[in-house]
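Shown next, in structure tokens, is the structure this report addresses.
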Number of protein chains: 2
Amino acid sequence: MIGCDDPAEPGKVGLTTAASDEAEFLRRYDAARYEKPSFTVDLVIFTVRDEHLHVLLVKRAEHPFKGCWALPGGFLDPRRDASVDACAARKLIQETGVRTPYLEQLKTYGSRDRDPRGWTATTVYFALMASESVRLLGNQAEASWVGVRGDQVDFELAFDHAQILADAVDRLRSKLEYTHIAVHLLPEEFTLPELQRIYEIILQQPLDKSSFRRRVIQADMLEELTGKQRDGFGRPAQLYRFRDYGRRTFFPRSISRHAR
Amino acid sequence: MIGCDDPAEPGKVGLTTAASDEAEFLRRYDAARYEKPSFTVDLVIFTVRDEHLHVLLVKRAEHPFKGCWALPGGFLDPRRDASVDACAARKLIQETGVRTPYLEQLKTYGSRDRDPRGWTATTVYFALMASESVRLLGNQAEASWVGVRGDQVDFELAFDHAQILADAVDRLRSKLEYTHIAVHLLPEEFTLPELQRIYEIILQQPLDKSSFRRRVIQADMLEELTGKQRDGFGRPAQLYRFRDYGRRTFFPRSISRHAR
DNA sequence: AGCGTATAGTTGCTTTTTACAACTATAAGG
DNA sequence: CCTTATAGTTGTAAAAAGCAACTATACGCT
């Protein structure tokens, strides 16, 4: 079982260098430092491999939580990043090399005690990608795909990242119900049985083949690649490609349908 | 038509006081100041009055966008606010005096150019409340309920607040479809025709009475107040109260139902 | 060739849910 | 005891989903 070498050290403040001669300087420096919370961007990057949902984690090289697994991310750099979205996209490319996956803002977590160094806020994004499309870059730190069981991994995570992961899994599951984001967990061309398998893995329950196909086809979000099929055992399956007409739903029922 | 007296002044930086003798001091002070974006929390507070959706806006007393209408909000105070959620709740009480409305995080908007003073991030919350429960406090600034047409108001808003408002309306509409949040736009006790009217006002379309009632009742989120009825014209209506069993859906259909 | 098996995809019937319209119920006021 | 106004119910048709059996197309084997 993997754990944290360095669990939280509350109270310890991470000012590494300080010109200690001028009290006034320090007072104002600290004021500037603490008038704003530290601001970071973290990523929950999902993929499906080996019949299981996986999330990308990195091993922390620095205190706090040194040696502990954590979500990839880090400080926003106001000089490089034109926006929070741009910062998230930059970090995603850094970690995975993937430029155009599904990337959506999840939520911002900010509080006085989520980091032992003091007040921090992190805006978390969640990303979906096909496992085939990724080459882990691990530029700075050891990075690895980790299987998700239920809504958590098998070991402790740094900071409040376990809660963040649980929220992200929750969002992923609920968005599966009314959007087509699952297609982003597959390569550009895929078959309906493959798509159904993604649903079954993430929702953790078997789905009915004919109902699934009816809904997906009727939503008219998939383009049939005429002539192209994927071979394997048994009858070859028809290949499809996702086409995005803005958001649409698989599911014809919503309260608006009560209109008369 | 109401406008902004003071549209953006790009390039102007709001350093009001500066100890100008020590270049080194300024350099490090600025570094501390700009290594983090400014962090604010804004609120989109909705209510329904006079058969229309309204949002609470305040008139800005300071530059930039002085005199322009804006969403209420302001800087997070790391000393007072234990968390971003707590900051939002504090600001909500400041503006409206309401302690327990529906309050949910919407999204974080952050970029280099959304504020002429430089890099800022704002975490936006959206709140729902019954119009009866509010007494506008307008502690600092002129505050007013403003009617929302479609997904905007009739005049220009400060910063990127028009976009934020549009996103909030969008979220409100889509959550009406699969949650019960509309009950928070009514007093604690309400009738089904009143609830249906809220839906019709926000979704901007008439709904079928019997279908609406069937769905709402079957979701089993409402408690009938036996013996209590609200009078008016015609037959008096039964009063109900919302009971929250965690999130549940009006709507029986979702892809999970394909299970077999 | 012909059969078994494995997966893809379709079809038809049943059940559930929704839409729609007509109906009943209960109040107020002349 | 009408009319009007709003609340609430019921019955039926249409739509959607559940479910199971069916056909289709590949492979590999004898």
Side-chain angles (χ1 to χ4, degrees), chain A residues 51 176-178 186-187 189-201 203 205-241 248-260, chain B residues 51 176-178 186-187 189-201 203 205-241 248-260:
Chain A
E51 303 279 295
L176 235 43
E177 308 267 357
Y178 62 97
L186 288 169
E189 301 185 354
F190 54 88
T191 70
L192 292 191
E194 285 167 353
L195 184 60
Q196 183 177 341
R197 195 75 197 101
I198 295 285
Y199 272 84
E200 292 175 335
I201 288 167
L203 296 176
Q205 65 184 339
L207 300 179
D208 177 71
K209 182 170 52 168
S210 75
S211 300
F212 182 84
R213 296 176 70 93
R214 192 172 30 206
R215 270 178 121 146
V216 174
I217 299 291
Q218 278 181 9
D220 198 33
M221 299 298 285
L222 300 186
E223 182 182 359
E224 192 175 322
L225 300 173
T226 48
K228 300 183 83 174
Q229 296 187 324
R230 177 159 300 168
D231 290 9
F233 263 135
R235 174 175 169 177
Q238 178 62 52
L239 278 170
Y240 291 84
R241 178 187 292 138
R248 181 103 62 100
T249 286
F250 279 163
F251 316 115
R253 297 286 162 193
S254 76
I255 207 165
S256 312
R257 291 300 192 86
H258 291 198
R260 28 185 326 179
Chain B
E51 303 279 295
L176 277 200
E177 308 265 358
Y178 64 97
L186 289 168
E189 301 185 354
F190 55 87
T191 69
L192 292 192
E194 285 167 354
L195 184 60
Q196 182 177 343
R197 194 76 197 100
I198 296 284
Y199 272 83
E200 293 175 334
I201 288 167
L203 296 177
Q205 64 183 344
L207 300 179
D208 176 70
K209 182 169 52 167
S210 75
S211 300
F212 181 83
R213 296 176 71 92
R214 183 174 0 101
R215 272 179 121 146
V216 173
I217 299 291
Q218 278 182 8
D220 197 34
M221 300 298 285
L222 300 185
E223 182 182 359
E224 192 173 322
L225 300 174
T226 48
K228 301 184 81 173
Q229 295 187 324
R230 178 158 297 169
D231 291 8
F233 265 133
R235 175 175 170 178
Q238 178 62 52
L239 279 169
Y240 290 85
R241 178 188 292 138
R248 182 104 61 98
T249 285
F250 278 165
F251 316 114
R253 296 286 164 195
S254 73
I255 206 164
S256 313
R257 292 300 193 87
H258 290 198
R260 36 183 319 178

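By convention in this document, chain letters (A, B, ...) are assigned in the order of the sequence lines, proteins followed by strands, and residues within each chain are numbered from 1.
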Q | Under the side chain to side chain donor-acceptor pair (under 3.5 Å) test, residues paired with Glu224(B) that sit two or more places apart | A | none
**Q.** Atom-pair distance (CD on Glu194(A); P on dA8(C)), nearest Å
**A.** 8 Å
Q. What's the CG-C1' distance between Leu207(A) and dG9(C), to the nearest Å?
A. 17 Å
Q) dT7(C) C1' sits how many Å from Phe212(A) CZ, rounded? A) 16 Å
Q: Hey, could you give me the CG/CD1 distance between Leu192(A) and Ile217(A), rounded to the nearest 0.5 Å?
A: 5.0 Å
Q) Which residues satisfy the side chain to side chain donor-acceptor pair (under 3.5 Å) test with Glu223(A), sequence neighbours excluded? A) none
Q | 5′-ward residue of the pair Leu192(A)/Gly234(A) relative to DNA chain C | A | Gly234(A)
Q) At their closest point, which heavy atom of Leu222(B) faces which heavy atom of Phe190(B), and how far apart are they? A) CD2-CZ, 3.8 Å
Q: Compare every heavy atom of Thr191(B) with every heavy atom of Arg230(B), then report the nearest pair and how far apart it is.
A: CB-CG2, 3.8 Å
Q: Measure from NZ on Lys228(A) to P on dT25(D) and round the result to the nearest Å.
A: 21 Å
**Q.** Any donor-acceptor pair under 3.5 Å from Glu200(B) side chain to Leu207(B) backbone
**A.** yes
**Q.** Whole angstrom value for the distance that separates C1' of dC27(D) from CD of Gln229(A)
**A.** 15 Å
Q.
Please pick, from dA7(D), dA5(D), dT18(C), the nucleotide with the shortest atom-to-atom distance to any side-chain atom of Ala237(B).
A. dA7(D)
Q. Could you state the CD-P distance from Gln218(B) to dA19(C), rounded to the nearest angstrom?
A. 12 Å
Q | Nearest-Å distance for atom pair CG/P, residues Leu195(B) and dG8(D) | A | 12 Å
Strictly under 3.5 Å: I want the nitrogen or oxygen pairs between protein and nucleotides 9-13 of chain D, one per line.
none

Which pairs would a plain distance check flag for residues 233-241 of chain B, meaning a side-chain donor or acceptor within less than 3.5 Å of a matching protein atom at least two apart in sequence or in another chain?
{"residue": "Gln238(B)", "atom": "NE2", "partner": "Leu225(B)", "partner atom": "O", "Å": "2.8"}
{"residue": "Gln238(B)", "atom": "NE2", "partner": "Lys228(B)", "partner atom": "O", "Å": "3.2"}
{"residue": "Arg241(B)", "atom": "NH2", "partner": "Glu189(B)", "partner atom": "OE2", "Å": "3.4"}

(Q) Rounded to whole Å, how long is the line connecting atom CG of Asp208(A) with atom P of dT15(C)? (A) 16 Å
Q | Closest-nucleotide 5' rank along DNA chain C - winner of Pro236(B) and Tyr240(A) | A | Tyr240(A)
